[in-house]
Protein chains: 2
Amino acid sequence: MAIPRAARTQRRTRIQEEKEEQILEAALDVFSVSGFRGSTIDQIAEVAGMSKPNLLYYFRTKEAMHRALIDRVLFTWLEPLRAFDAEGNPESEIRSYIRRKLEMARDFPRESRLFANEMLQGAPHVEDELKGPLKELVDEKAEVIRTWAKAGKIAKCDPYHLIFSIWSTTQHYADFDVQVRAVLGQDHAGAGRFEDAARFLEQLFIDGLKVKPVQGVS
Amino acid sequence: MAIPRAARTQRRTRIQEEKEEQILEAALDVFSVSGFRGSTIDQIAEVAGMSKPNLLYYFRTKEAMHRALIDRVLFTWLEPLRAFDAEGNPESEIRSYIRRKLEMARDFPRESRLFANEMLQGAPHVEDELKGPLKELVDEKAEVIRTWAKAGKIAKCDPYHLIFSIWSTTQHYADFDVQVRAVLGQDHAGAGRFEDAARFLEQLFIDGLKVKPVQGVS
DNA sequence: TGATAATTTGACCGATTGGTAAACATTACA
DNA sequence: TGTAATGTTTACCAATCGGTCAAATTATCA
């Protein structure tokens with residue numbers, strides 16, 4: 001008789017690892033496009049190439065699949081911000097943060113869309129994580145930025161809105177990919193698009209954050 | 001006997017105007033949160049305070065409701081970009097464009113989320129509009145920005161990515177509202193948040209686009 | 001007012017939804 | 001190899017889905 005997944009206490013089988021990975025891969029495909037409510041287990045099953053009951057053998061509910069995905073994404077998505085180094089050079093730290101976020105949007109667009117979908121729906125499954133770990137990490141890095149500004153290393157600015165603007169501009173290329181493609185057309189297609197975006201954003205943020213000479217009567 | 005809505009040729013009744021508005025208002029509530037696939041006619045009917053068949057008397061299908069909403073949003077959403085004036089002063093044009101987009105994100109967050117949902121799903125209902133009217137408008141305004149840059153009025157930059165970055169940063173406050181709230185907490189709550197965002201973005205874009213002195217051996 | 005058109009709804013339809021039960025197939029391991 | 005645990009599938013369930021129909025109700029206007 002099959003033992004329900006939740007009751008298992010032993011170490012995981014090789015098959016379990018493989019199949020769970022296979023299911024999450026398919027679930028990411030589906031959830032990232034249609035969101036939680038708009039996705040069906042049947043869709044995921046078809047993409048995964050397995051029967052629906054088989055999926056439910058590894059994840060007891062649709063919500064469990066979504067949960068597993070969100071947890072994973074939330075963690076890796078914050079990697080670049082964690083790497084933000086208080087001891088580093090402000091300009092190069094910001095530059096490489098932008099580049100890393102942009103690379104993630106390019107290499108993991110489904111993860112970005114999954115997260116965006118969750119936000120659009122009011123974060124019903126992750127509000128606690130937002131108010132807890134996420135807020136704490138952002139608070140910490142915002143303090144770093146504030147210190148830099150006070151030391152005159154970058155222009156005075158609201159660190160929170162700076163972080164928001166880096167998030168939004170970079171993730172835009174994953175979340176609004178259709179729109180970007182439609183507007184740019186075939187002219188700016190391919191790998192060049194990524195470099196163009198990187199160049200623009202680095203210029204915007206670096207120049208926008210340069211310390212301005214004190215204004216006064218000249 | 002009731003005449004199917006699509007067959008009507010006469011002018012619309014007062015009741016028709018009111019009820020259609022009432023339905024679209026409810027549909028916006030639901031679609032903007034759950035997306036097209038994730039929303040149900042029953043949900044919309046409940047929010048609208050009408051029976052499901054009554055909704056389907058005014059809009060023959062769920063898709064017709066969504067279509068009507070998207071069309072309306074697509075038009076008004078581009079208003080600020082249309083107002084972008086080639087003859088105006090670059091700095092103040094960009095500044096007021098940012099402010100207008102930010103006001104829309106504040107005053108019409110549901111419309112922003114409806115659009116974002118559609119983009120995340122790959123724009124299955126509006127891809128033609130994106131490649132047609134939207135692209136044309138953006139091309140036109142991008143040309144204006146390029147002209148400004150060539151004339152030395154603003155820094156040289158890719159005009160398309162500039163527009164993208166203004167879109168993403170402003171709409172972020174509507175689409176990712178939960179996240180913004182969670183991170184800022186109660187400290188930066190209320191109306192002040194809007195002003196903080198406006199101040200930051202205007203500073204970022206204005207300073208980031210200032211013409212830089214030509215680099216060379218000093 | 002009366003009759004005609006416009007509006008509204010309860011009952012219902014087949015298809016799809018998330019999820020279950022139990023039989024069947026495969027694997028791991030003594 | 002045998003057998004017990006693990007993995008897989010067919011058949012199925014109640015609930016919900018988008019949408020229809022006909023009957024009932026309300027508004028319009030000659």
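Throughout, a chain's letter reflects where its sequence line sits, starting with A, and its residues are numbered from 1.
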Rounded to whole Å, the CD-P distance (B:E17 to C:dA6) equals 15 Å

From CD of A:E46 across to C1' of D:dT9 the rounded distance in Å is 16 Å

Separation of D:dA23 atom P from B:N54 atom CG, nearest Å, is 19 Å

Practice prompt. Answer yes or no: does a side-chain N or O of A:Q16 lie under 4.0 Å from OP1 or OP2 of D:dT6?
Written response: no

Student check: side-chain heavy atoms of A:E25 and A:R110 closer than 4.5 Å: yes

- Task: Kindly say if A:Y57 contacts the phosphate of D:dG7, meaning a side-chain N or O under 4.0 Å from OP1 or OP2.
- Result: yes

In whole angstroms, the gap separating C1' of D:dT8 from OH of A:Y58 amounts to 8 Å

Going 5' to 3' through nucleotides 11-21 of chain C and flagging B where a protein heavy-atom sits under 4.0 Å of the base, S where only the sugar-phosphate is that close, and - otherwise, we get B-----SBBBB

Would B:R193 and B:D177 pass as an ion pair if we require N to O under 4.0 Å? yes

Atom CD of B:E20 and atom P of C:dT7 are separated, to the nearest Å, by 9 Å

### Task
Could you tell me whether A:R82 sits above the aromatic face of A:F75, with NZ or CZ closer than 6.0 angstrom to the six-membered ring centre and within 45 degrees of the axis?
yes

Query - Parallel, tilted or perpendicular, as decided by the 30° and 60° cut-offs, for the rings of B:H161 and B:F164 - result: perpendicular

Whole-Å distance, A:E18 CD to C:dT26 P, equals 17 Å

| message | I'd like to know if A:D196 and A:R199 make a salt bridge, using a cut-off of under 4.0 Å between side-chain N and carboxylate O. | response | yes

So salt bridge (charged side-chain N to carboxylate O under 4.0 Å, His left out) across residues 32-58 of chain B, not counting sequence neighbours, yields B:D42-B:K52

